[in-house]
Amino acid sequence: MCHYIRISSYRAINKKQHIVMAKQITPRSENYSQWYNDIVRKAGLADKSAVRGCMVIKPLGYGIWENMKAQLDIMFKETGHVNAYFPLFIPKSFLSKEAEHVEGFAKECAVITHHRLMNNPDGPGVVVDPTAKLEEELIVRPTSETIIWNTYKDWIQSYRDLPLLINQWANVVRWEMRTRPFLRTTEFLWQEGHTAHATSQEAIEESKLIHELYARFAEDYMAMPVIKGAKTANERFAGAVETYTIEALMQDGKALQAGTSHYLGQNFAKAFDVTYSDNNNKIEHVWATSWGVSTRLIGGLIMTHSDDEGLVIPPKLAPTQVVIVPIPKPSEEIIKVAESITEKLKNLGIRVKIDRDDQKRPGFKFAQYEMEGVPIRLGIGKRDLEKNVVEIARRDTKEKSSVDIEGIEKYIKDLLDEIQNNLFSKAKKHRDEHISVAESMEQLTQILDEKGGFVKALWDGTTETELAVKDKTKATIRCIDDENTLGTGVDIMSGKPATQTVLYARSY
RNA sequence: CGGGGCGUAGCGCAGCCCGGUUAGCGCACCUGGUUUGGGACCAGGGGGUCGGAGGUUCGAAUCCUCUCGCCCCGACCA
């Protein structure tokens with residue numbers, strides 16, 4: 001049976017509409033970061049808040065996060081992890097126990113010094129009560145390694161207690177100089193896994209397992225292709241022996257670090273004196289990992305798929321996958337059909353919504369749902385019902401077609417998969433087209449300026465060279481190429497012998 | 001913290017330079033009507049201590065001083 005009766009495109013829009021739309025959302029070509037801000041605000045993902053650097057995550061943004069969280073949580077549990085929850089506050093002294101760790105985070109910590117307010121004796125309002133000063137200040141966690149390892153000390157005695165595989169869903173605070181919605185906010189939501197192992201080998205395997213898991217999540221669920229690799233010493237997490245990263249490429253050619261998994265060696269075990277007895281009753285320090293992804297992923301999602309009409313959400317993460325719009329507005333007859341389709345879709349686990357508003361006109365709603373990134377829109381009007389069809393519009397290609405109501409649920413289920421796959425292929429094509437090779441600094445600079453994206457080059461392995469390149473080009477080493485594609489030769493910056501291939505990019 | 005810019009209705013802005021009726025416009029909102037297959041139209045209506053404090057003046061959104069906040073660009077970073 002052929003479902004397609006008519007295919008048309010609504011890419012062509014008249015001049016007046018162009019002007020109307022331009023008022024609503026800045027085109028990417030004009031100003032990419034303004035476009036990003038417009039998407040966040042106008043699609044209703046997040047709002048500014050009264051607090052500097054902090055955002056209100058609105059239902060659409062939070063719905064995407066909930067879907068990400070639900071899937072990641074399944075994946076963590078499938079790999080043997082369990083959830084727990086540790087305090088928001090960390091005693092100041094904990095932070096300084098691991099030298100590199102405190103070095104990395106000290107400059108961006110919110111500090112609690114008092115625990116009570118009082119009426120202002122000199123006027124209206126309240127002031128901090130000076131007598132309520134804390135003996136030891138508390139830090140609002142920028143990450144939880146320290147409080148968790150302080151706890152693990154009591155939990156781990158024997159090799160039988162290992163491995164300890166714990167994740168927590170939490171909020172953290174990092175007092176950044178400059179913030180951007182989702183990409184870098186003062187407070188953000190994330191998950192942080194913290195595991196303890198009996199051997200170095202096991203801990204390394206764990207960190208690689210999660211690295212792999214993150215890449216799978218990014219590609220299969222977010223439809224966001226990523227490059228996997230290790231960070232350089234300079235870019236490593238404060239306190240880690242090795243940091244594995246997934247790096248995505250945004251539409252403007254800048255890279256985004258989308259998730260990191262750290263092998264911590266025995267650094268935290270030693271700092272917090274976490275030891276276990278092995279099966280020979282010998283005392284050893286445990287080996288550790290930590291790993292996290294945050295609401296930053298939503299920023300990555302936006303800059304991977306969305307367009308000048310608004311947000312585009314991959315079906316697997318879309319809070320609403322299908323919206324049904326009665327045309328021109330709800331009637332008893334249309335609602336009856338809509339509800340019957342809804343029922344069938346829900347039975348297949350598809351998230352569907354009927355627009356029951358009777359005020360706005362269809363054109364307005366179409367534009368609105370495109371702005372909000374709903375993957376599939378069904379239009380049902382009298383004209384369709386006469387032919388027993390509905391109009392299907394897909395968000396990714398903006399194609400419209402008429403499809404028989406009979407068997408529509410299967411058609412939609414397949415179409416959701418197709419959209420998911422199409423978004424991934426499109427993003428992958430863009431990413432692949434933006435991986436270049438530079439054999440000289442001139443080439444590197446030229447590629448970064450004209451094309452953007454990842455640029456492979458040989459590196460001599462020194463931080464000095466890495467920083468010199470950053471100074472010259474604003475690009476950093478996003479990760480070390482696992483396969484060392486370029487083999488051996490000389491570093492493009494220093495001219496010294498080089499045995500490692502790295503990927504440079506300007507990044508968020 | 002450096003360099004730019006901006007605070008006037010929920011949002012976007014004009015007015016300020018050159019002080020002078022009742023502070024205005026678009027969107028949004030409310031009411032009524034006509035409409036309704038790609039962002040409807042007409043009519044009526046509500047909403048403002050002009051970021052805050054002080055000053056100059058008969059009179060301040062407008063001039064002066066101080067202050068608070070925000071945005072963009074850098075350094076920092078997931």
Side-chain angles (χ1 to χ4, degrees), chain A residues 6 8-14 16-26 31 33-34 37-38 41-42 47-53 103-109 142-143 172-192 214 231 234-238 243 245-248 255-262 290-300 309-310 325-331 334 357-371 377 379-386 390-391 393 398 400 402 470-471 474 476 507-508:
Chain A
R6 171 173 58 91
S8 63
S9 167
Y10 51 106
R11 233 180 271 262
I13 44 183
N14 67 41
K16 188 186 160 200
Q17 282 170 321
H18 258 306
I19 292 161
V20 168
M21 292 197 319
K23 267 190 219 161
Q24 297 215 342
I25 180 163
T26 308
N31 181 342
S33 68
Q34 189 55 49
N37 290 334
D38 285 353
R41 234 164 52 87
K42 290 176 176 152
D47 256 353
K48 284 173 188 162
S49 77
V51 185
R52 193 206 81 110
E103 169 77 20
F105 287 105
K107 285 174 290 181
E108 50 190 48
C109 287
T143 180
V172 288
V173 167
R174 296 182 188 175
W175 214 268
E176 304 283 358
M177 297 289 181
R178 258 192 79 212
T179 59
R180 299 193 63 188
F182 294 109
L183 294 171
R184 191 180 303 109
T185 46
T186 301
E187 178 191 15
F188 57 94
L189 305 183
W190 77 345
Q191 59 70 216
E192 46 181 327
Y214 283 161
K231 285 288 188 189
N234 180 52
E235 295 274 331
R236 214 173 269 157
F237 174 75
T243 289
T245 180
I246 55 170
E247 298 283 327
L256 182 78
Q257 179 174 312
T260 46
S261 177
H262 316 291
S290 71
W291 28 274
V293 294
S294 71
T295 36
R296 167 178 262 204
L297 289 178
I298 295 173
E309 267 72 56
V325 181
I327 296 169
K329 61 180 186 183
S331 69
I334 292 172
D357 170 274
D358 61 358
Q359 299 295 315
K360 303 270 193 292
R361 304 170 89 215
F364 181 89
K365 293 178 181 178
F366 296 169
Q368 188 60 33
Y369 289 117
E370 276 154 23
M371 182 75 86
R377 185 184 73 237
I380 308 178
K382 209 172 170 188
R383 183 164 100 186
D384 302 298
L385 292 185
E386 280 162 7
V390 296
E391 181 180 76
K398 296 173 194 143
K400 287 208 265 194
S402 281
K470 183 179 180 184
D471 199 46
K474 290 179 186 163
T476 49
S507 72
Y508 278 96

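Note that these values count all heavy atoms, side chains included, but never hydrogens, waters or copies made by symmetry. Numbers restart at 1 for each chain; the letters A, B, ... are given by sequence-line order, proteins then strands.
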Looking at residues at least two apart in the chain, or sitting in another chain, which of them share a side chain to side chain donor-acceptor pair (under 3.5 Å) with A:Asn234?
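A:Asn234: no side chain to side chain donor-acceptor pair (under 3.5 Å) contacts found.
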Would you measure the distance from the [atom1] atom in [N] across to the matching atom in [M] and give it in whole Å?
N     : M     : atom1 : value
B:G15 : B:G20 : C1'   : 14 Å
B:A61 : B:C68 : P     : 23 Å
B:C29 : B:C71 : C1'   : 27 Å
B:C41 : B:U21 : C1'   : 34 Å
B:C11 : B:G55 : C1'   : 34 Å
B:C13 : B:C72 : P     : 14 Å

What residues, two or more places apart in sequence or in another chain, satisfy salt bridge (charged side-chain N to carboxylate O under 4.0 Å, His left out) together with A:Lys365?
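Once residues adjacent in sequence are excluded, the partners of A:Lys365 under the salt bridge (charged side-chain N to carboxylate O under 4.0 Å, His left out) criterion are A:Asp355, A:Asp357.
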With sequence neighbours excluded, tell me which residues meet side chain to side chain contact (heavy atoms under 4.5 Å, CB included) with A:Gln368.
A:Phe364, A:Glu372
Expressed as a whole number of angstroms, how long is the span from A:Phe364:CZ to B:U36:P?
19 Å
In whole angstroms, the gap separating P of B:C1 from CD of A:Glu108 amounts to 17 Å
Treating A:Glu176 as the side-chain partner and A:Thr185 as the backbone partner, does any N or O pair qualify as donor plus acceptor under 3.5 Å?
no
Among residues at least two apart in sequence or on other chains, which ones pass ring-ring contact (aromatic ring centres under 6.0 Å, His included) with A:Trp175?
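Counting only residues at least two positions away or on another chain, A:Trp175 forms no ring-ring contact (aromatic ring centres under 6.0 Å, His included).
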According to ring-ring contact (aromatic ring centres under 6.0 Å, His included), who are the partners of A:Phe237, at least two apart in sequence or on a separate chain?
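For A:Phe237 the ring-ring contact (aromatic ring centres under 6.0 Å, His included) partners, ignoring immediate neighbours, are A:His101, A:Phe105, A:His262.
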In what stems does RNA chain B take part, counting only runs of at least 3 consecutive Watson-Crick or G-U pairs whose two distances fall under 3.5 Å?
B:1-7 with B:68-74, B:10-13 with B:24-27, B:29-34 with B:40-45, B:51-55 with B:63-67
Do the side chain of A:Lys400 and the base of B:G38 come within less than 3.5 angstrom through a donor-acceptor pair of N or O atoms?
yes
Checking only heavy atoms, does the side chain of A:Glu370 share a donor-acceptor pair with the base of B:G39 at less than 3.5 Å?
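Check fails, no donor-acceptor contact within cut-off.
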